[in-house]
Amino acid sequence: MIGLQHYLILSALLFAIGLFGVLTRRNAVAVLMGVELMLNAAAINFVAFTHFVSPGLVRGHVAALVIITLAACEAVVGLALVINAYRHLDTIQVDEMNLMKG
Amino acid sequence: MAGEAIAFYILTGMIVTAAAIVVGSKNIVHAGVSLVPVLLGVAGLYVLLRAEFLTVVQILIYVGAITVLLLFVILLTEGATGLRTRQRNEQVPLAAAVAALFLVTLLVALTRTPWALTNQPSAAYNIGAVGTSLFTTYVLVFEVAGLLILASLVGAIVIARKES
């Protein structure tokens, strides 16, 4: 029987993998991918709590929808920044971007 | 329900393997493409959790839009696969320690907390309930999200535009 804890453990695992990616990647786009993994882990938690704790209310579903919207916005603005940085600095490795003013 | 357990473990294996490729692959295009099985696996979990609308939204927005956008930017900036550049910084041991510590803390906390579980089953279809609560109780959240999308649309155009 799959219970709430199975989902929470899976989501914790996914969050830790995403955190590792954010901390170790040099490519700015890959850092964004790690952030997407972490956001997905949070959304799994919301939906799992809705299913196992208060199935009648769909608050967790609304929260997960908001997370997906925020992830889309964050990806769009982040990638626009990456493209702009690439135009000015010719690199998207985050540890080589060390200028306050391009 | 054995079927649910089998589906859960298959999805778990798919998500964790693909997520490991996302953070670990030397080839940045492989990492981007591996994001697709992760997101599809999460969509499968939404099916198991009786959230059909979220499943569709996850596939449409995450798999359909965000992944394609990420791959677009990889190909526009990195030129190719990024195999010739070093993909990791020097913090790998430290980052692994932080992530492991974080995971252990989370696991201890969530296995010891007594959750207020209920035996009441989820409704078979709750798309109507999601829509109703989105437009009544959470209408402010909905409007703010719409405003945020508009702001990020304008912001992305302004930032990425070529300066003349």
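Just so you know, these numbers come straight off a predicted model, no measurement behind them. Below, chains carry the letters A, B, ... as their sequence lines are ordered, and counting in each starts from 1.
B/Phe8 places a side-chain heavy atom less than 4.5 Å from the side chain of A/Leu10. A heavy-atom distance below 4.5 Å is not found between the side chains of B/Thr67 and A/Glu36. Using a 4.5 Å heavy-atom threshold, the side chains of A/Leu65 and B/Phe53 count as touching.
For B/Ile159, the parts lying near chain A are the backbone and the side chain together; criterion is any non-hydrogen pair under 4.5 Å. At a 4.5 Å heavy-atom cutoff, the contact between A/Ser54 and chain B is made by backbone atoms alone. Contacts between A/Ala43 and chain B at a heavy-atom distance below 4.5 Å involve backbone atoms as well as side-chain atoms. Both the backbone and the side chain of A/Val53 come within contact range of chain B, judged by heavy atoms closer than 4.5 Å.
Under a hydrophobic clustering in which Ile, Leu, Val, Met, Phe, Trp and Tyr are joined whenever their side-chain heavy atoms come within less than 4.5 Å, directly or via other members, B/Val68 and B/Leu75 fall into different clusters. Both B/Val63 and A/Met38 are part of a single hydrophobic cluster, where members link through side-chain heavy atoms under 4.5 Å apart. Linking Ile, Leu, Val, Met, Phe, Trp and Tyr whenever their side-chain heavy atoms come within less than 4.5 Å leaves A/Leu23 and B/Leu101 in two separate clusters. B/Leu110 and B/Leu45 fall within the same hydrophobic cluster, where Ile, Leu, Val, Met, Phe, Trp and Tyr residues are linked whenever their side-chain heavy atoms come under 4.5 Å apart, directly or through other members. Put simply, B/Tyr138 and B/Phe135 are part of the same group of oily side chains (I, L, V, M, F, W, Y) that touch within less than 4.5 Å, one to the next.
Most heavy-atom pairs under 4.5 Å with chain B, from the set A/Leu4, A/Leu70, A/Val94, A/Val82: that is A/Leu4. No other option in B/Val57, B/Leu134, B/Leu70 has as many heavy-atom pairs under 4.5 Å with chain A as B/Leu70. Contact tally against chain B (heavy-atom pairs below 4.5 Å) for A/Leu37, A/Asp90, A/Asn40, A/Val58: the top residue is A/Asn40. Most heavy-atom pairs under 4.5 Å with chain A, from the set B/Leu11, B/Ile61, B/Leu69: that is B/Leu69. The choice from B/Val158, B/Thr111, B/Val141 that makes the most heavy-atom pairs within less than 4.5 Å of chain A is B/Thr111. Each of B/Gly32, B/Ala129, B/Ser133, B/Ser25 has some count of heavy-atom pairs under 4.5 Å with chain A, and the biggest count is that of B/Ser25. Annotation: maximal heavy-atom pairing with chain A below 4.5 Å, among B/Val73, B/Leu153, B/Val144, B/Leu94, occurs at B/Val73. Between chain B and the residues A/Leu81, A/Val47, A/Leu32, the largest count of heavy-atom pairs under 4.5 Å involves A/Val47. Put simply, of A/Cys73, A/Gly21, A/Gly18, the one with the most heavy-atom pairs under 4.5 Å next to chain B is A/Cys73. The residue among A/Leu57, A/Val62, A/Thr69 with the most heavy atom pairs within less than 4.5 Å of chain B is A/Val62. Ranked by heavy-atom pairs shorter than 4.5 Å toward chain A, the options B/Phe142, B/Tyr46, B/Phe72 are led by B/Tyr46.
The ring-ring contact (aromatic ring centres under 6.0 Å, His included) contacts involving residues 8-27 of chain A comprise A/Phe15-B/Phe102, where partners must be two or more places apart or lie in separate chains. Under the ring-ring contact (aromatic ring centres under 6.0 Å, His included) criterion, the residue pairs touching residues 32-81 of chain A are A/Tyr7-A/Phe52, A/Phe49-B/Trp115, with sequence neighbours excluded.
Here the shortest heavy-atom pairing between B/Gly24 and A/Arg25 reads N-NH2, 3.8 Å. Across every non-hydrogen atom of B/Leu35 and A/Met33, the tightest pair is CD2-CG, 4.0 Å. Heavy-atom minimum distance, A/Val76 versus B/Ser152: CG1-O, 4.2 Å. Counting all heavy atoms, side chain and backbone alike, A/Thr24 lies closest to B/Ala95 at CG2-CB, 3.4 Å. Residues A/Leu39 and B/Tyr62 approach most closely at CB-OH, 3.9 Å, considering heavy atoms.
For A/Arg26, the salt bridge (charged side-chain N to carboxylate O under 4.0 Å, His left out) partners are A/Asp95, A/Glu96, not counting sequence neighbours.
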Verdict with reasoning, A/Leu14 to B/Val38, per side-chain contact (heavy atoms from CB on, under 4.5 Å): CA-CA 9 Å; A/Leu14 189 59; B/Val38 177; 4.3 Å; yes
Working for side-chain contact (heavy atoms from CB on, under 4.5 Å), residues B/Leu106 and A/Leu8: CA-CA 9 Å; B/Leu106 268 185; A/Leu8 295 184; over 6 Å; no
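The side-chain contact (heavy atoms from CB on, under 4.5 Å) with B/Leu103 is formed by just one residue from the set A/Ile9, A/Leu13, A/Leu19, A/Ile17; it is A/Leu13.
Heavy atoms of other residues, nucleotides or ligands lying less than 6.0 angstrom from CZ of A/Arg59 number 12 at most. Around atom NE2 of B/His30, no more than 12 heavy atoms belonging to other residues, nucleotides or ligands sit under 6.0 Å away.
B/Ile66 contributes atom CD1, which lies 8.0 Å from atom CD1 of A/Ile68 (distance to the nearest 0.5 angstrom). Rounding to the nearest 0.5 Å gives a distance of 7.5 Å between CD1 of B/Ile28 and CD1 of A/Ile92.
Contact residues of residues 14-23 of chain B toward chain A are B/Ile15, B/Val16, B/Ala19, B/Ala20, B/Ile21, B/Val22, B/Val23 (heavy-atom distance under 4.5 Å).
Between the side chain of A/Arg87 and the backbone N or O of B/Ala160, at least one donor-acceptor pair lies under 3.5 Å.
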